[in-house]
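As structure tokens, the structure follows; a few thoughts come after it.
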Amino acid sequence: MQSDSLSMKKRPFFLRWAWREIRQGQLWLVTLALSLIIACVFALSALVSRVEGIIVSQGRSALAADMVLRSSQAVDLKQLSTNNVTTSQQTRFGTMAFSDNGMQLVSVKAVDVQFPLRGDLRLQAADKSVHHHVKPGELWLSERLFSLLDVKVGDRLMLGDGELTISGRILEDPELSFNPFSQMPAVLINNQDIEAIGGIQEGSRLSYRYYFSGSDSALADIRKQFSLTPSQRWLTENDAGRSGDFIERARQYLSLTLVLVVLMASATLVLTCQHYASTRITSVAMMKSLGASRRFLWRWLLQQIAVVFSVAIGVGLILGFWLEWLLRYPLQQLLPDELPSIGVAPLVISLLLALFISLPALGIPLSRLVNASAMNTVQVTDTPTTKFSPMWLLLIFPVLAAVAWIGTNLFVWLTLLGMVVLLVLLALVGIAAIALLKKIKFGSAYVLALSRVNRSKAKTATQLAALTCSLMLLAVIGLLRNELLADWKKTLPANAPNVFAINIAPEQQQAYLDYLDANQLARSDGYPVTRGRLVAINEQRFYPLAEEAQVDNDINSDNTEEDRDPALRRELNFTWAETLPSHNDVIAGKWGDRPGVSVESGIAKRLNIKLGDKLAFTVGGLEFNAIVNSIRDVEWRNMKPNFYFIFTPDVLQSFPATWLVSFRINDQQSDLLNTLAGNYPTVSVLDLRMMATRIQGLLTQVSWSLTVLAGLGVLSGLLLIMTLLRLSISERQTEIQLYRTLGASRKRIAATLWFEYGIIALLAGIIAAIGAEFVVGLLVVKGFELPFTLHPLMWIGLPVLAIGLVYLVSRSQIKKLLLPLR
């Protein structure tokens, strides 16, 4: 009973002692490092969880289901076990629509009343009411058809062999395509009306889509039950179409930056824990000399660590919630009102990761501290260590945590491995550079500083490597952010085209361009477009001659072999020109040789097409040849007219073609589009303003998120650098004060210190610049597939930054060191 009472009295004392250690001792740095790890991991895990949930949801909304089966043949769903799965069916075909004032080829989408299973189908009736499903007998037209056919809601429209009354207009279709070359005005009818309009006849080219919605396990069962034929394909949110590469690159950057931030915070934690243990050797030795047992010392230290963890968890989670909100805030206009729940995973991951990192960071130095000899009360000596201590097994925990957390992200693993190898090489370079500096004569203080540096090579190498690593990580985070933002701005500049005009007749082409120029609209060049196929490379044909005729009569069908490149399974858009587009870069060969063709680099790589190869093409059943004279790098995301193949005029200009032009129009010029539609009713105008605005907004907002995260990375790097310098200088306290007491002048000691740390800072800055340039180059070229450019300003800025940080951190510390011993 008395023992329990004594224990209760001791506990408040230990807690007050621990709290004092945090406020006034060295434990506040440990607490800060732990808080930073918890905050970063929690914020990024929560944000990634939300964003991935939204991306999956939006991807499935664009499919109009969780999973889609695309087929060129009808499928009997009754053969499948579809328990707990909702299904819907769509039939697509092309037909002519006739009104009293015109006719138009349209794409008919016949759906059932269940469609869509995901996303929002918005149909506006004559009374402005909005409907979300297509009922039997209804006919809904895309906006363009009202002007092309000169009809209004309530009119009768001949569609194929039957007549239907126009029910209203399509405001929003979750499956809306933004491909300007394959855009046909769409109409929606119910599946029950297909027979009435004669949509299915012998020889009709039909495409079927079967929609499924349910749990992931139920959808997986459906796929197991079904064996695909070559003309069938499953579609999920991952392969529904081209999603923006910048989203994936942003996610890669977030993952990499988070790992680097945690690495820097972990390094700060290790340094501060070691320094804390070294500063408490005398206290532990004194307690041992007064009879304190190892058990008592462990309880004393663990209670302090428990207080540290409690404070770090509280501060880290508060910072984590705030940081997650700060990263998410710029995206709020793009995110749904009801965000996906983050669950408990980010909390568990952040706490476990902080625990696993801190186990060896704290356990190893505290174990050595507890084993310190009581003789340290008289003279501090190094604690003897055995060849192997069980505490070193604690290193397994952060390794397991890294494997579980990073997982199969090869991009991050290769980056970390490359940085480790590079740092070892650069540390050796630094030691060699210090040896070379000895040959330079620059006064006695300089010589003394170099002597001090060479006398403790292991410690110097450690300081140099740590400072170099911190500066390099800081530079990598900042440079990668700038590279990504520069690429996105170049890819989709503020003045990017947002309207495509296609199917311009040759006799209308010049007048159409003159009208755009007269209204001072920024436009691309006009491009003639004809559709054709690549059928052979160097006489090696992709189809037997008999099959080519069948394939050409079955354009846009899926009845082709799945193992062929997508560019070989469909017709492509060809153009010809005297000069190549200014937004295409020739990376091999020279444009101009006739009869020639310039090939896009991606398809050239996939099909192994090289300069000088003879390619065979067909257009309208007629075959012709061209020699590859150049290979171009094409940026498909810039919303400009782009082509796989561009021919010299002598090859294609004899074939019939329509013309294409893209231009930019702002919201105040919407009347011009109506005028163009009235003056040129046969020209198809694809208005992409809403999509372009959303992409521009997304770029701006994701850029802000990257900037916030990069700023966090910079702060982590600066904290590590300042901690490193502060601890390094404090280790010199006894030595310098002894020199001062023995009569060394303040000026000589100060000059020696400034030279010593200036040399280390300068070398660290230069070596970090080399390493950062190398790492960023590899990441940009191999990881993000972007062109690489040198960063000359960094070569100056990083050494200057290193010297400046050394000056700011060392100034106050060195003043204290110059005081004589009392």
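Note that this is a predicted model, so its numbers are computed, not measured.
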TODO: State whether the number of non-hydrogen atoms from other residues, nucleotides or ligands found under 6.0 Å of Glu507 atom CD is greater than 12.
DONE: yes

query = Just wondering, more than 12 heavy atoms not from Asn519 lying within 6.0 Å of its CG?
reply = yes

Return the [atom1] to [atom2] distance between [X] and [Y], rounded to the nearest 0.5 Å.
X	Y	atom1	atom2	value
Thr165	Leu139	OG1	CG	8.5 Å
Leu516	Arg664	CG	CZ	14.5 Å
Ser662	Lys640	OG	NZ	8.0 Å
Leu164	Asp193	CG	CG	5.5 Å
Thr618	Arg531	OG1	CZ	12.0 Å
Thr575	Phe643	OG1	CZ	4.5 Å

Would you name the heavy atoms of [X] and [Y] that are closest together and state the gap between them?
X	Y	answer
Asn191	Ala110	OD1-O, 2.8 Å
Leu572	Phe645	CD1-CE1, 3.7 Å
Val68	Arg209	CG1-CB, 4.1 Å
Leu513	Arg523	CD2-NH1, 3.9 Å
Trp140	His131	CH2-CD2, 4.0 Å
Thr530	Pro656	OG1-O, 3.3 Å

Does a side-chain heavy-atom distance below 4.5 Å link [X] with [Y]?
X	Y	answer
Glu138	Asn190	no
Leu69	Trp234	yes
His132	Arg122	yes
Leu660	Phe500	yes
Leu117	Asp66	no
Phe617	Leu652	no
Val153	Gln124	no
Ile222	Tyr210	no

| said: Using modelled atom types and a 3.5 Å cut-off, is there a donor and acceptor pairing between side-chain atoms of Ser71 and backbone atoms of Tyr208? | reply: no

(Q) I'd like to know if the side chain of Ser99 and the backbone of Leu149 have a donor-acceptor N/O pair within less than 3.5 Å. (A) yes

Is there a side chain to side chain contact (heavy atoms under 4.5 Å, CB included) between Tyr515 and Leu672 once you walk through the steps?
CA-CA 10 Å; Tyr515 181 85; Leu672 291 178; 3.5 Å; yes

Of Val134, Val130, Leu141, the one forming a side chain to side chain contact (heavy atoms under 4.5 Å, CB included) with Leu123 is Val134

Next item on the list: In sequence, state the C-alpha distance, the side-chain angles, and the governing distance for Phe93 and Ile197, and then conclude on side chain to side chain contact (heavy atoms under 4.5 Å, CB included).
Entry: CA-CA 12 Å; Phe93 56 91; Ile197 66 173; 3.8 Å; yes

- Item | Val187 vs Leu157, side chain to side chain contact (heavy atoms under 4.5 Å, CB included): CA-CA, chis, key distance, verdict | CA-CA 11 Å; Val187 302; Leu157 186 69; 5.5 Å; no

* Evaluate side chain to side chain contact (heavy atoms under 4.5 Å, CB included) for Val75 paired with Phe226, printing each intermediate quantity in order. => CA-CA 10 Å; Val75 175; Phe226 197 87; 3.6 Å; yes

(Q) Would you call the rings of Trp659 and Trp576 parallel, tilted or perpendicular, taking 30° and 60° as the class edges? (A) perpendicular

If we ignore angles and hydrogens, is there a donor and acceptor under 3.5 Å between the side chains of Gln510 and Asp514?
yes

